[in-house]
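Okay, structure first, notes after.
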There are 2 protein chains.
Amino acid sequence: MERSAKQGIRAVAAEAGVSTASVSRALNNPDSVSAPLRARIARAVETVGYIPHAPARELASRRSRTLGAIVPTIDNTMFARGIASLQKYLSSVGYMLFLTTSGYDLDAELEQARNLVSRGVDGLVLRGDCHHDGLRKMLADYSVPFINVGIYRPDRPYPCVGTDNEAAAHRAALHVIELGHRRIGIVSALQRNNDRASARVAGFRRAMAEHGIKMPPQWHVEVPYTLDDAREAARYLLGLKDRPTAVVCGNDVIAYGVLLEAERSGFSVPDDLSVVGFDDLDWSRHLRPSLTTIHVPTGDTWQRAGEYLVRHLAGEQTIMHHEVDYSLIVRESTASPTRSSK
Amino acid sequence: MERSAKQGIRAVAAEAGVSTASVSRALNNPDSVSAPLRARIARAVETVGYIPHAPARELASRRSRTLGAIVPTIDNTMFARGIASLQKYLSSVGYMLFLTTSGYDLDAELEQARNLVSRGVDGLVLRGDCHHDGLRKMLADYSVPFINVGIYRPDRPYPCVGTDNEAAAHRAALHVIELGHRRIGIVSALQRNNDRASARVAGFRRAMAEHGIKMPPQWHVEVPYTLDDAREAARYLLGLKDRPTAVVCGNDVIAYGVLLEAERSGFSVPDDLSVVGFDDLDWSRHLRPSLTTIHVPTGDTWQRAGEYLVRHLAGEQTIMHHEVDYSLIVRESTASPTRSSK
DNA sequence: GCCTAGTATGTAACCGTTTTCAAGAAATTC
DNA sequence: GAATTTCTTGAAAACGGTTACATACTAGGC
């Protein structure tokens, strides 16, 4: 109530009868100020009802305690989960999250990244390894650290955390091969601008190649991330005169579609057709038959990405490439092809 | 390259040989500057590789072109969809979204709101009408506009956009009553701090009361938002000696659980048991039997919330209470109770 | 041709913090 | 007890923009 008690930190300073510098110190680094002063300032903050103005703080300190994340879409359970987990972790360490989406468009991703940098994020979490050429340069120019999440590429000079999708997919395909299948189809997600999808396809194909299995090209179908599209793909595959005895899928949603359509078309899973998914969503263990799939700890992965950046920003030394384990969960949707075909 | 070409807008100004004021004007209000100057500045921006510093801009202009949203959790398809839609819209009009979660905890929500205000958001999108007492006061103190989304309460003095959950639930219950059911159970979401869940329960009960139906208290079960919990609830209900012939559910996930468990326990849906959901998620039309449910245009709703705030912030006059239509989608999971019981 | 109104640009104060630097007080050393 | 170090605190300069105000110029109107 003295004079010049305009607002913000000066109001607090005036109320406590100290300088703004002391208030700032008391708030950001309590130990750097004497106990009585600290108490007096705390009281002043209380009576004034002071809420610090983050933009001003960012401007002065060049730190925002904010991370940005760009995902293709939130409308995908895996990303939603990852984001939820990341957000929760960041919140627990006093960080905030700026979330944007790219819709699998590399230009849009770059645009969003520029936006986030403009917004002053301290670091960026990116999905996968497949980005616009200019993206890394821009981030380097503005020295904004980033991490690629959901992939594991120790050969790259920038950090990442995730599972080795190629290896996991290889494991999934191996499972049906070991069951005795030789006639294996693939229903994958769209591979364009999606390293995860293509790594999985690569893993499937490697497993087959290693076992001398040749797959007719028409046995590989790519579909968007919806039940409807997956069902349509399944309808096509099952309608072929010469059809596979097993289908490995790029993700669980696709596998659900295949399962539903197989049932609808009168095929029995796993007797007539084995189906393998990837992701282990909730439904996988509830379905009838339950779905054999690859389990990936998505929440963990994204949290780790956050941890990496937070540590890195705190100046701590951390490992750049973190591999997250996957595991094959065998359930009811896979079996030997004995009954139906050779 | 002259002198004092430090960085930021001053670097651009130096490069173009103009004042910082002109650069600022050229960027924010192109018409207020002559064409040649505008061109020269554009070129300078290009060569310098200038990205404006949003925090500084916010500090000076007291506008952030950023909205905040607080949802209970992203790990719920409905919220994920809503957020996706809101984010997409905001992005299209040059706004950004700060996303945080409260976990259905009112104190946490207040805390997050404080955080967002501190961050300088221009407006806030809140889930529902059930908030901490101090929240509205705080937002008023800092004159941050907000809107409650997912509910319709024209009696309130603050804006909202959403469906009338009570009425929609009433409609759902009415459907099974009209089919002839008199023995109706409820499996709802947890009502604590969740106005949506309680409005739906209220709607169910009103429909029953209006038709003179008395429901034994043990026929109402509350469960968390997971398939497992819903199945457990169904197991309990179906295990009762005296059991309902129809179950109305607080949301689709719960309904899925009931459907799965009924099948598992040897009950036929809809012959032995009718099931109604709420939300109309993807799975509802794919399941066997497909689920009768209430369709709610979530994406629209959230986008509208964004539109309201953006308009409001632009000084336009807009309606405060916007009702979003719901509709009953009748599918295979409901039928008359003729066969099984009186 | 002079005055006025209008337009295009520049000058500099300000937004609300942090942080460097300096100064004074207290504690330590010899 | 003087000199040195260490601790606290305050004064004031950034941080990178926006914008009110001032100024120089242009064009009309008489």
Side-chain angles (χ1 to χ4, degrees), chain A residues 2-42 44-45 48-66 117-122 142-143, chain B residues 2 4-42 44-45 48-66 115 117-122 142-143:
Chain A
E2 307 292 302
R3 49 173 182 134
S4 81
K6 334 176 85 171
Q7 58 171 312
I9 203 174
R10 309 204 212 251
V12 178
E15 171 72 25
V18 299
S19 73
T20 62
S22 294
V23 177
S24 177
R25 277 191 283 257
L27 259 35
N28 297 309
N29 197 355
D31 292 336
S32 68
V33 84
S34 71
L37 228 210
R38 199 184 321 150
R40 201 151 48 125
I41 289 174
V45 164
V48 172
Y50 171 66
I51 297 186
H53 188 61
R57 191 198 284 230
E58 287 174 46
L59 180 56
S61 69
R62 257 164 256 103
R63 285 283 247 96
S64 64
R65 289 189 78 80
T66 296
V117 168
S118 158
R119 240 60 194 203
V121 296
D122 290 342
Y142 283 81
S143 53
Chain B
E2 307 292 301
S4 82
K6 334 176 86 172
Q7 59 170 313
I9 202 173
R10 318 214 198 239
V12 177
E15 171 72 25
V18 299
S19 72
T20 62
S22 295
V23 177
S24 177
R25 276 191 284 257
L27 260 35
N28 297 309
N29 197 356
D31 292 336
S32 68
V33 83
S34 71
L37 229 209
R38 200 184 320 150
R40 200 151 49 129
I41 289 174
V45 164
V48 173
Y50 171 66
I51 297 187
H53 188 60
R57 190 199 288 231
E58 288 175 46
L59 181 57
S61 69
R62 260 165 253 105
R63 284 285 247 91
S64 65
R65 289 189 79 79
T66 296
N115 219 320
V117 169
S118 157
R119 239 61 193 202
V121 296
D122 290 341
Y142 283 81
S143 53

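Labels below follow one simple rule: chain letters A, B, ... track the order of the sequence lines, proteins then strands, and each chain is numbered from 1.
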Query raised in the report: With no hydrogens and no angle check, is any side-chain donor or acceptor of A/Ser61 less than 3.5 Å from a backbone partner on A/Arg57?
Result: yes

Query raised in the report: Checking B/Thr20 side chain against B/Arg10 main chain: does a donor-acceptor pair fall under 3.5 Å?
Result: no

Query raised in the report: Can you check the A/Arg38 CZ to D/dT8 P distance for me, whole Å?
Result: 9 Å

Query raised in the report: Could you write nucleotides 18-26 of chain C as a row of B, S and -, 5' to 3', where a protein heavy atom under 4.0 Å of any base atom gives B, of only sugar-phosphate atoms gives S, and otherwise -?
Result: BBB------

**Report entry** Nearest-Å distance for atom pair CG/P, residues A/Asn29 and C/dT17
**Finding:** 18 Å

Query raised in the report: Okay, side chain of B/Asp122, backbone of B/Arg63: is any donor-acceptor separation there less than 3.5 Å?
Result: no

Report task. Whole angstrom is fine here: how far is it from CG in B/Asp31 over to P in C/dA8? Result -> 10 Å

Query raised in the report: Has the side chain of A/Arg38 got a donor or acceptor atom that lies under 3.5 Å from a matching backbone atom of A/Ala26?
Result: no

Query - Interatomic distance, B/Arg63 CZ vs C/dC15 C1' [rounded to whole Å] - result: 16 Å

Query raised in the report: For B/Thr66 and B/Arg119, what are the C-alpha separation, side-chain angles and deciding distance, and is it a side-chain hydrogen bond (donor to acceptor under 3.5 Å, both in side chains)?
Result: CA-CA 9 Å; B/Thr66 296; B/Arg119 239 61 193 202; over 6 Å; no

Requested in this report: Enter the distance from A/His53:NE2 to B/Leu59:CG here, rounded to the nearest 0.5 Å.
Outcome: 5.5 Å

Report task. Specify the residue among B/Ala35 and B/Arg62 whose closest nucleotide of DNA chain C lies further upstream toward the 5′ end. Result -> B/Ala35

Query raised in the report: Among D/dT9, C/dG16, D/dG16, which nucleotide sits nearest the side chain of B/His53?
Result: D/dG16

Query raised in the report: Expressed in angstrom and rounded to an integer, what is the separation of A/Leu37 atom CG from D/dC7 atom P?
Result: 17 Å

